[in-house]
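Residue numbers count from 1 along this sequence.
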Amino acid sequence: MNAEYYAGKWNDHSIVFALGKKQTLLFDGNVIAEGKPLSTGLTGDDPTEAGSIIRTLYDGRNCFCIAAKPLETSYDKKTKTYSSEYYGHKIEGNSQKMNYSLFVNGEEKDKKEAVIGGGFSILGSEEDENGKRIMAVFEPSGLSYTCRFYAEAENVRMVPCQKQGGELIPINPSDGDGFAAGFLLGLGINL
């Protein structure tokens, strides 16, 4: 069974990514973004903090979610490197020898094999003392790729769900272990 909904909980807030005639991103039951049905995800403003976003990425099977501050990113054609700065930290990302890499202050923090003809890749640094990290999202763009950086980023666990009687229920009961019991059953979201 394919999921029509993905639900997550972040800082006591509900995040729902709904598939249908259009994609919809909801935060505490309120629509924060809508898009085409076959897009790779949505980005909406985080209603709890100015300058922060909620970003979903969908690959046709799974939904990934990031809560973060987007960073302005530049691209150097000569070195084929994307870069940004955040509070004095230099952040860089590139694709070399079929691998995507994320560097912070010149130190490689994460590396993943590039997906040939495929979708996005998410890379991240180690978590800081507050559970936040620097993240990079590499996405295909024609014959090349683009890279976007995020600071103070957190992963939001998204669980595939189905709607039963107005409630969102995890498709795989083990997905609900310690997560969905009081959350998904009490969302009160009318989808």
Name the atoms and distances for all side-chain donor-acceptor pairs under 3.5 Å in residues 61-73, with sequence neighbours left out.
from: K69; atom 1: NZ; to: E49; atom 2: OE2; distance (Å): 2.7
from: T73; atom 1: OG1; to: L71; atom 2: O; distance (Å): 3.2

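A single hydrophobic cluster is not seen to contain both Y87 and F103; linkage of ILVMFWY side chains at heavy-atom distances under 4.5 Å, directly or through other members, places them apart. In the hydrophobic clustering of this structure, V104 groups with F138; members are Ile, Leu, Val, Met, Phe, Trp, Tyr whose side-chain heavy atoms approach within less than 4.5 Å, directly or through other members. Hydrophobic clustering places F149 together with L123 (ILVMFWY residues linked when any side-chain heavy atoms are closer than 4.5 Å, directly or through intermediates).
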Using the side chain to side chain contact (heavy atoms under 4.5 Å, CB included) rule, take L26 and I15 through it: C-alpha gap first, then chi angles, then the decisive distance, then the call. CA-CA 6 Å; L26 298 107; I15 298 173; over 6 Å; no

Stepwise side chain to side chain contact (heavy atoms under 4.5 Å, CB included) test for R148 and R55: CA-CA 12 Å; R148 291 183 177 89; R55 174 138 193 235; 4.2 Å; yes

How far apart are the C-alpha atoms of D46 and W10, what are their side-chain angles, what is the distance that settles it, and do they pass the side chain to side chain contact (heavy atoms under 4.5 Å, CB included) test? CA-CA 11 Å; D46 173 358; W10 173 69; 3.3 Å; yes

Please lay out, stage by stage, how M135 and N155 fare under the test side chain to side chain contact (heavy atoms under 4.5 Å, CB included). CA-CA 10 Å; M135 295 182 91; N155 291 318; 3.2 Å; yes

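Scanning for side-chain hydrogen bond (donor to acceptor under 3.5 Å, both in side chains) contacts around D110 gives an empty result, with sequence neighbours left out. In this structure K112 satisfies the salt bridge (charged side-chain N to carboxylate O under 4.0 Å, His left out) test with no other residue, sequence neighbours excluded. For E108, there are no salt bridge (charged side-chain N to carboxylate O under 4.0 Å, His left out) partners two or more places apart in sequence or in a different chain. S84 is linked by a side-chain hydrogen bond (donor to acceptor under 3.5 Å, both in side chains) to nothing, counting only residues two or more places apart in sequence or in another chain. The side-chain contact (heavy atoms from CB on, under 4.5 Å) check on E107 picks up K109, with sequence neighbours excluded. In this view, D12 satisfies the side-chain hydrogen bond (donor to acceptor under 3.5 Å, both in side chains) rule with no residue, not counting sequence neighbours. Scanning for side-chain hydrogen bond (donor to acceptor under 3.5 Å, both in side chains) contacts around Y86 gives E152, with sequence neighbours left out. Residues satisfying the salt bridge (charged side-chain N to carboxylate O under 4.0 Å, His left out) criterion with E154, sequence neighbours excluded, are K132. With sequence neighbours left out, the salt bridge (charged side-chain N to carboxylate O under 4.0 Å, His left out) criterion links E129 to no other residue.
The salt bridge (Lys or Arg N to Asp or Glu O under 4.0 Å) pairs that include a residue from residues 74-86 number zero, where partners must be two or more places apart or lie in different chains. The list of ring-ring contact (aromatic ring centres under 6.0 Å, His included) pairs with a residue in residues 15-55, not counting sequence neighbours, reads H13-F27, F17-Y58.
Taking all atoms of both residues into account, the shortest heavy-atom contact from L42 to A33 is CD1-O, 3.8 Å. Between E113 and S121, the shortest heavy-atom distance links the atoms O-OG, 4.3 Å. When all heavy atoms are compared, the tightest approach of H89 to N105 is ND1-ND2, 2.8 Å. Nearest approach of L57 to E139, heavy atoms of both residues: CD2-OE1, 4.1 Å. The shortest heavy-atom contact between P170 and V159 is CB-CG1, 3.8 Å.
No more than 12 heavy atoms of other residues, nucleotides or ligands shown are found within 6.0 angstrom of CG on D45.
For the atom pair CD1 (I32) and OG1 (T43), the distance works out to 9.0 Å, reported to the nearest 0.5 Å. C147 SG to Y75 OH: the interatomic distance, rounded to the nearest 0.5 Å, is 10.5 Å. Distance check, rounded to the nearest 0.5 Å: CD1 of I91 to CD1 of I134 gives 4.0 Å.
The closest side-chain donor-acceptor pair between R133 and Y150, if any, does not fall under 3.5 angstrom.
T24 contributes no side-chain N or O that, together with a main-chain N or O of E34, makes up a donor-acceptor pair within less than 3.5 Å.
With Y100 as reference, Y145 is the one residue of Y82, Y145, F120 to meet the ring-ring contact (aromatic ring centres under 6.0 Å, His included) rule.
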